[in-house]
Amino acid sequence: MAGIPSINCRLLNSLRCSLSASTGSGKNMWKPAIMFSSKSYSTLDQVEYEVKAPKYHKLDTAVPEKTTLTRNDALKYYKQMQQVRRMEAEASKLYKEKVIRGFCHLYTGQEACCVGMNDALHEEDSVITAYRAHGWTFMKGRTMTEVLSELTGRKSGCSQGKGGSMHMYGHEFYGGNGIVGAQVPLGAGIAFAHQYRENNRVCVTLYGDGAANQGQIFEAFNMAALWKLPCIFVCENNGYGMGTSIHRASYSYDLYTRGDFIPGMQVDGNCVVTVREAMKLATDWCREGKGPMLLEMCTYRYMGHSMSDPGTSYRSRDEIQEVRQKRDPINGFRDKIIEAGLATAQELKEIDLSVRKEVDVAVKSAREDPEPPLEDLAMHIHSTGTHGVPVRGCDLMTELPSN
C-alpha cells in the first residue's frame with residue numbers, strides 16, 4: 001500500500017527469531033506483521049498458492065498444482081470482488097426502491113469468475129456474455145457510476161441510459177444479451193474476426209447452465225472447432241437456470257464435456273486464483289492456434305434469477321447459507337490471504353471502507369444524474385458517417401434526428 005516504508009525482510013526475520021528466543025512463547029512474542037501508526041500491514045511480497053485441480057476432457061495439458069500469488073494481486077482481487085458485490089448490493093436496493101425498473105439480473109456470488117478470468121486476459125481480448133452482465137461490465141473497464149447509472153436510466157450510464165441491465169458495452173466488451181444463448185454464436189463470430197485479422201487475440205464467450213441446452217450453442221461449437229477459432233466458451237454454472245436445477249434440466253450435467261470434440265475443463269469458479277490459472281491455460285491454447293476450449297465455472301448465485309424471483313421456492317435457505325459459509329469466493333479468499341501473510345485484517349477492512357465510499361458516490365450519480373433527453377431516442381441507430389440521417393418515429397409522419 002502507498003505510504004508504507006519498505007522493509008528488509010531477511011533482517012526482519014532475523015530480528016523476529018532473536019526476539020522469539022528471548023521472550024519464548026509469551027504474549028510479547030512478535031506476530032507476522034509490522035505495526036505502523038497503530039495499523040498492521042503484511043510484509044510478504046508473494047506466496048506459493050495451491051490451485052484446486054480441475055476436471056479435464058480430452059486435454060493433454062493441465063494447470064499447475066501450485067502457483068505464485070503476489071501481495072499486489074491478492075489485494076487487487078479482493079478489492080475487485082468486493083467492488084462487484086457491493087455494487088450489486090446497491091443495485092438490489094435501488095430496484096426494491098423502484099429507482100431501477102425493468103429486468104435486473106445480479107451477479108452476487110459469482111465474483112471470482114469475472115475477476116479471475118479477466119486478470120488472465122489481455123486488454124485487447126474480447127468478452128461477450130449474457131444478461132447477468134454487471135460484474136463483467138465493471139471488469140472490462142466501465143466504472144461503478146457508469147454501471148449503476150445505466151441501471152437507473154441516466155445519461156451518465158455506459159450506454160447513456162438507453163441499454164439498462166441487459167445491454168451494457170465497453171472496450172472489446174460486446175455486452176450482455178437478452179436472448180438466452182444468442183451471444184454464443186456472436187462470440188464465435190468475434191473470434192473469427194480475430195483469426196481473420198491475425199491479431200493473436202481471443203474471445204471469451206460466456207453463457208449460463210440454463211442456456212447450455214440451446215441448439216445454437218452446439219452449432220457454434222461445431223463451427224469454432226472446424227475453423228479452429230480462438231474462442232473460449234465459458235459456462236458460468238451457478239446451479240440454476242431460472243428456477244430449475246441443472247440436475248432436473250439436463251440428462252448430462254458435466255457441462256465441460258458438452259463440446260464433445262472440443263477439450264474442456266471443469267473449474268472451481270469460487271476460487272479466484274484457480275479461475276485465473278485455468279483461463280491462462282485456455283488463452284495460451286487459443287493463441288497457439290489449437291482451436292477453441294470449453295470451460296465450466298462451477299459457482300453459485302445467492303440472489304434469485306432476477307429481482308422478480310425470491311430464489312427460495314426451488315431451493316432451501318439452508319442451501320444458500322451453507323454456500324455462504326463454506327464456498328463464498330470473497331470470504332474464503334480473505335481468510336486464505338490473511339493466513340498466508342499476504343494481507344492483514346486491518347488492511348482488508350481499509351479496502352472495504354474505500355469500496356463503500358466509492359459505491360456511495362456511484363449511487364449518488366445513479367439517483368441524481370439527468371435522464372437522456374427525448375432527442376437521444378434515435379441516437380446510435382446509424383453508424384458513424386451517417387450523422388443527421390432522419391429516422392422514422394412511431395408513425396410515418398414523425399421523423400427523429402439520428403446523432
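We count residues from 1, following the sequence as given.
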Next on the checklist: With a 4.0 Å cut-off on N to O distance, would you call Lys93 and Glu90 a salt bridge?
Outcome noted: yes

Next on the checklist: As an exercise, state the distance from CZ of Phe233 to CD1 of Ile262, rounded to the nearest 0.5 Å.
Outcome noted: 5.5 Å

Checklist entry - Phe221 ring centre to Arg258 NZ or CZ under 6.0 Å, with the angle to the axis within 45°? => result no

Next on the checklist: Nearest 0.5 angstrom please: Asp125 CG to Met279 CE, how far?
Outcome noted: 9.5 Å

Next on the checklist: Check Lys52 with Asp268, please: is the shortest side-chain N to carboxylate O separation under 4.0 Å?
Outcome noted: yes

Next on the checklist: Less than 4.0 angstrom from a charged side-chain N to a carboxylate O is my criterion; do Asp352 and Arg334 meet it?
Outcome noted: no

Item to check | Asp73 and Arg276 ion-paired at < 4.0 Å | outcome: yes

Checklist entry - Aromatic ring centroids of His305 and Tyr131 under 6.0 Å? => result yes

Checklist entry - Can the ring centres of Phe173 and Trp136 be said to be less than 6.0 Å apart? => result no

Next on the checklist: The test is salt bridge (Lys or Arg N to Asp or Glu O under 4.0 Å); show your working for Asp284 and Lys290 and say whether it passes.
Outcome noted: CA-CA 9 Å; Asp284 289 344; Lys290 296 181 178 179; over 6 Å; no

Item to check | Electrostatic pair Lys336-Glu50, nearest N-O below 4.0 angstrom | outcome: no

Checklist entry - To the nearest 0.5 Å, what is the distance between CE (Met144) and SG (Cys158)? => result 13.5 Å

Checklist entry - Does the Glu150 side chain pair with the main chain of Lys162, one donor and one acceptor, at a distance under 3.5 Å? => result yes

Next on the checklist: Just verifying a value: how many Å separate Lys140 NZ and Glu172 CD, rounded to the nearest 0.5 Å?
Outcome noted: 6.5 Å

Next on the checklist: Among His105, His134, Met303, which residue satisfies the side chain to side chain contact (heavy atoms under 4.5 Å, CB included) criterion with Glu88?
Outcome noted: His134

Checklist entry - Are any side-chain N or O atoms of Glu350 and backbone N or O atoms of Leu348, one a donor and one an acceptor, separated by less than 3.5 Å? => result no

Item to check | Salt bridge present between Lys66 and Glu48 (N-O < 4.0 angstrom) | outcome: yes

Checklist entry - Within 45° of the ring axis of Tyr107 and under 6.0 Å from its six-membered ring centre, is that where the NZ or CZ of Arg301 lies? => result no

